Amino acid sequence: MTLSLHNTLTRRVEPFQPLVPPRVTLYTCGPTVWNYAHIGNFRTFLFEDLLRRHLEFSGYEVFHIMNLTDVDDRTIKAAAAAGKRLAEHTAPFVEAFFEDSEYLRIRPAHVYPRATESVPAMVALVERLLERGVAYKGEDGSVYFAIGKFPGYGRLSNLDRRELKVGARVASDEYKKDDPRDFALWKKAEPIDEQVGAAWDAPFGRGRPGWHLECSAMSLDEVRRRFAVETLDIHAGGVDLIFPHHEDEIAQSEAATGCPFARYWLHGEFLNVRGTKMSKRFGNFLTARDLRDQGVNAAAVRPLVWQTHYRQPLDLNDEALEGARQGVKRLGELHERLRERGRSDSAGPAGTEVLAGLSRDVARDVAAALDDDLNAPQAVATVFDFVRAANRELDRAAGGAATALATFERIMGVLDVLPTPRALTPEFRRWIEEQLAARERARKTKDFEEADRIRVELRARDVELEDTPSGTKWRVL
RNA sequence: GGCGCCGUAGCCAAGUGGUAAGGCAGAGGUCUGCAAAACCUCGAUUCGUCGGUUCGAUUCCGACCGGCGCCUCCA
C-alpha cells in the first residue's frame, strides 16, 4: 500500500508522489510569536508531526521547514503595547514555542526561518512580481498583488466567484487598491512600525512585509537554495489558513516563479471547546504550559489528538483528556511487560512466536491506516487490538516478546505516546523501598491492616503498587 | 449572501451500499489476603429528522432541524 493524502487543491485523497523521490520538502506554517501558542495551534503542529514521522517511517527523506512569523500586525501591536522593540517582545515567545513543542514531543523541523531574518528574500520576491507586472504600488505607498492578473486565483479556497458579505471584514483600506480583493505584499512603514523597529528599506519604499509574502519568500528561498527547485512537495497548516493566506501564497509564488508552489496542500481542522474553535479571541484557550503545569503528561495530549482524524474537528474536555490518559497508561503497562519478558525471552521454536506474529500484523495495519490519509484513529484502534491480544498471549507465556517489543517500539516511534516515567530523587526512591520492605514484613506476618495502610500512604504520593507472584512492583503515576 | 465542515452509545470517536472499529467511563466474572494490573463477558435492533434512489443506506440524492468555521492577515 502506498501513501495517499487529501489535497485541498483537488478536495480529494490522492496518491502521494513527491517531485523528486525519496526527498519530500515539507513546509508547515509556524506560530506567530506575539504570544503563547495554545493547544489549538498545537493540534495542527501535532498533525504535522505525525505527517512528518509517517513520511520518514515510510522511507522518505523529509526536509521540514517551519517558519516563525515574528513580524506582522499582531506582533507589532503587542510589542508596541508592551513598550518594547519587536525582537525584544517576540524572543520569549519563540523560546516558549520551542519548550512547548518539546514538551509535546514534536520533532524539530530542520530549519526555522524567521521573517525578520528573511527580508532580503521578500524584497527580491516583491521586485520579481513588480517586474512581471502582477504587483503595483498603491496610492498609500504599499505594494499590492493584483489578483486580476493571476487567473488561478481562488482555486484553493474555491472562493473565486465569491461575493463579499456586505459589511463583513472588508472595511477600511480597500479604496487604496485597484481591486478590493488585492492583498498587500509590502506595507508602507507607519510610525508604530518604526517605533518597534519593524521597518526595512526597499527599492519600492520603506516598509514591512505582508504576512502572506513571508511564507512564500521563506519557503521558496529554502528549497531554491538547497534543492534548486521552486516547488514544495507538501504545504500544511490549519483550515483557517486556506483563505486568504494560502490562496495568496499560491498567487504570489506562482506568479513569480511560474512553477506550482506546492504539490499537496494539507489542512488540519480545529480543536474545539464545546463546539467552538479554541481561540485567543474567544478566551477559551489553554496553552501547552497550562497543561504541563496541571501535571498533564504530553503522552496524554498526543493520543487525544490521534484519536480524531486530522480533518475532523476535535472536541476537547476533561473527560476526553482523562480517557486518553488512561489509555496511554495501558500502553505503558504493556511496554513494561514486553520489556520484562523480552529480556528473558529466548527465541522459541519456529511457529511458537505468537507475539512476534501479532506485532508484525499490527505494524502492517498501523502503516496501512496512516497510509490512508493519516487515519490515526484507525491506527490507534489497531494498536489497542494488539494490546489486548498481546496481554492475552503474555498471560499464556507465549514466545516472541523480544521481537514484539522491537516492533512495538518502532510503532511508538511514529505515534510517540508512551508515558515517560517521572524523574525521582534518590531520597524518594529510598523512601519507597523502605515502605515496601516494611509492607512486605507486615504481609509476611499477615498484618494486612498495616500492609494496606502503607499502600494507601504510598498511593497518596502517587506510588501505585502491584503484588505479583514474583514480588511487589511499583510505579509512580 | 458566498464557500465549507459537523451531528454515530455517558464522554472522545473510526467506518462501510449488505446490516455499527477502538479508547475512556460503567456492570458482572477470573486472578488476588484485599487491591492493582491483565484477561473474559455485557452496551447503540441503531448512526439528527423526514423523504427519495436501491433487493438493501448509517453510508448515495434532496429537504429540513441543530451546531460550527472561513469570507484580507486566526493553527
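Sequence lines set the chain letters: A, B, ... in the order given, protein chains first and strands last, and positions in each chain run from 1. Here the structure is a predicted model, which means the values were calculated and not measured.
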Please step through side chain to side chain contact (heavy atoms under 4.5 Å, CB included) for the pair A/Ile39 and A/Asn41, ending with a clear verdict.
-> CA-CA 5 Å; A/Ile39 57 172; A/Asn41 303 128; over 6 Å; no
Evaluate salt bridge (Lys or Arg N to Asp or Glu O under 4.0 Å) for A/Arg443 paired with A/Asp467, printing each intermediate quantity in order.
-> CA-CA 11 Å; A/Arg443 291 183 74 206; A/Asp467 295 325; 3.4 Å; yes
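Judged by closest nucleotide on RNA chain B, A/Glu333 is the one of A/Glu333 and A/Phe42 placed further toward the 5' end. Nucleotides of RNA chain B nearest to A/Gly237 and A/Asn375 differ in position, and the one nearer the 5' end is that of A/Asn375.
At a threshold of 4.0 angstrom between heavy atoms, the contacts of A/Glu269 include nucleobase atoms, whether or not backbone atoms are also involved. In this structure, A/Leu241 reaches the sugar-phosphate backbone alone: every heavy-atom distance under 4.0 Å involves primed, P, OP1 or OP2 atoms, never a base. When heavy atoms are screened at a 4.0 angstrom cut-off, A/Val305 is found touching no nucleic acid atom at all. Counting any heavy atom pair closer than 4.0 Å across all strands shown, A/Asp318 reaches no nucleic acid atom. Note on A/Asp467: a base of the nucleic acid sits closer than 4.0 angstrom, heavy atoms only. Residue contacts shown for A/Leu394 are absent, as no nucleic acid heavy atom lies under 4.0 Å away. Using a 4.0 Å heavy-atom criterion, one finds that A/Arg74 contacts the sugar-phosphate atoms exclusively. Across all strands shown, A/His212 has no heavy atoms under 4.0 Å from either base or sugar-phosphate atoms.
Looking only at distances, no side-chain donor or acceptor of A/Arg325 sits under 3.5 Å from a matching main-chain atom of A/Ala300. No donor-acceptor pair under 3.5 Å is formed between the side chain of A/Ser142 and the backbone N or O of A/Ala184.
A/Tyr36 and A/Asp290 share no donor-acceptor pair across their side chains, judged by distance under 3.5 Å alone. Remark: the A/His267 side chain and the A/Thr8 side chain contain an N/O donor-acceptor pair separated by less than 3.5 Å.
When Watson-Crick and G-U wobble pairs are counted only if both distances are under 3.5 Å, B/C60 pairs with B/G52. The base-pairing partner of B/U72, taking Watson-Crick or G-U wobble contacts with both distances under 3.5 Å, does not exist among the strands shown. Pairing partner, B/A9: none, since no Watson-Crick or wobble contact has both distances short of 3.5 Å.
Identified under the salt bridge (Lys or Arg N to Asp or Glu O under 4.0 Å) test for residues 96-108 of chain A, with sequence neighbours left out: A/Glu56-A/Arg107, A/Glu99-A/Arg289, A/Asp100-A/Arg289, A/Arg105-A/Asp416.
At a cut-off of 3.5 angstrom, counting only N and O atoms as typed in the model, there is no donor on one side facing an acceptor on the other between the side-chain of A/Asp315 and the base of B/C11. Residue-to-nucleotide contacts include no donor-acceptor pair under 3.5 Å from the side chain of A/Arg43 to the base of B/A75. On a pure distance criterion of 3.5 Å, a polar donor-acceptor pair joins the side chain of A/Asn41 and the base of B/A75.
B/G28 and B/G66 have their C1' atoms separated by 38 Å, given to the nearest Å. B/G15 and B/C47 are spaced 11 Å apart, taking the C1' atom of each and rounding to whole Å. Nucleotides B/C40 and B/C12 place their P atoms 26 Å apart, quoted to the nearest Å. The P atoms of B/G62 and B/G4 are separated by 12 Å, rounded to the nearest whole Å. Using atom P as the reference point in both B/U46 and B/C5, the two lie 29 Å apart (nearest Å).
One atom, CD of A/Glu322, and another, C1' of B/C12, lie 12 Å apart when rounded to the nearest Å. Between the P atom of B/A13 and the OH atom of A/Tyr310 lies a distance of 17 Å, rounded to the nearest Å. When rounded to the nearest whole Å, the span between NZ of A/Lys473 and P of B/A35 equals 19 Å. Nucleotide B/A75 holds its C1' atom 14 Å from the CG atom of A/Leu68, rounded to whole Å. One interatomic measurement links the two molecules: CZ of A/Arg325 to C1' of B/C11, which rounds to 16 Å at whole-angstrom precision. Going from atom CD of A/Gln312 over to atom P of B/G7 covers 6 Å, rounded to whole Å. Look at CG on A/Asn35: it is 11 Å from P on B/A75, rounded to the nearest Å.
Listed by chain and number, the residues in a side-chain contact (heavy atoms from CB on, under 4.5 Å) with A/Ala255 are A/Leu129, A/Val134, A/Phe145, A/Phe150 (sequence neighbours excluded). In this structure, the side-chain contact (heavy atoms from CB on, under 4.5 Å) partners of A/Val417, at least two apart in sequence or on a different chain, are A/Arg302, A/Pro303, A/Trp306, A/Val328, A/Leu331, A/Met412, A/Leu415.
Ion pairing between a basic and an acidic side chain is recognised when a charged N comes within 4.0 Å of a carboxylate O; A/Asp49 and A/Arg53 show such pairing. With salt bridges taken as basic N to acidic carboxylate O contacts below 4.0 Å, one links A/Glu333 and A/Arg475. A salt bridge between A/Arg453 and A/Glu449 is absent, with no side-chain N of the basic residue lying under 4.0 Å from a carboxylate O of the acidic one. Taking 4.0 Å as the cut-off between side-chain N and carboxylate O, A/Asp365 and A/Arg360 do not count as a salt-bridged pair.
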Between protein and nucleotides 19-23 of chain B, what N or O pairs are separated by less than 3.5 Å?
| unit_1 | atom_1 | unit_2 | atom_2 | d |
| --- | --- | --- | --- | --- |
| B/G23 | OP1 | A/Arg388 | NH2 | 3.2 |

Considering only nitrogen or oxygen atoms on both sides, find all protein atoms under 3.5 Å from nucleotides 65-69 of chain B and state each distance.
none

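Among the nucleotides B/C39, B/C34, B/A36, the one closest to the side chain of A/Glu466 is B/A36. Checking B/C39, B/C12, B/C6 against every side-chain atom of A/Leu304, the shortest atom distance belongs to B/C12.
The structure places OG of A/Ser216 at 8.0 Å from OH of A/Tyr27, a figure rounded to the nearest 0.5 Å.
Of all the residues in residues 445-453 of chain A, A/Phe448, A/Asp452 reach under 4.0 Å from RNA chain B with at least one non-hydrogen atom.
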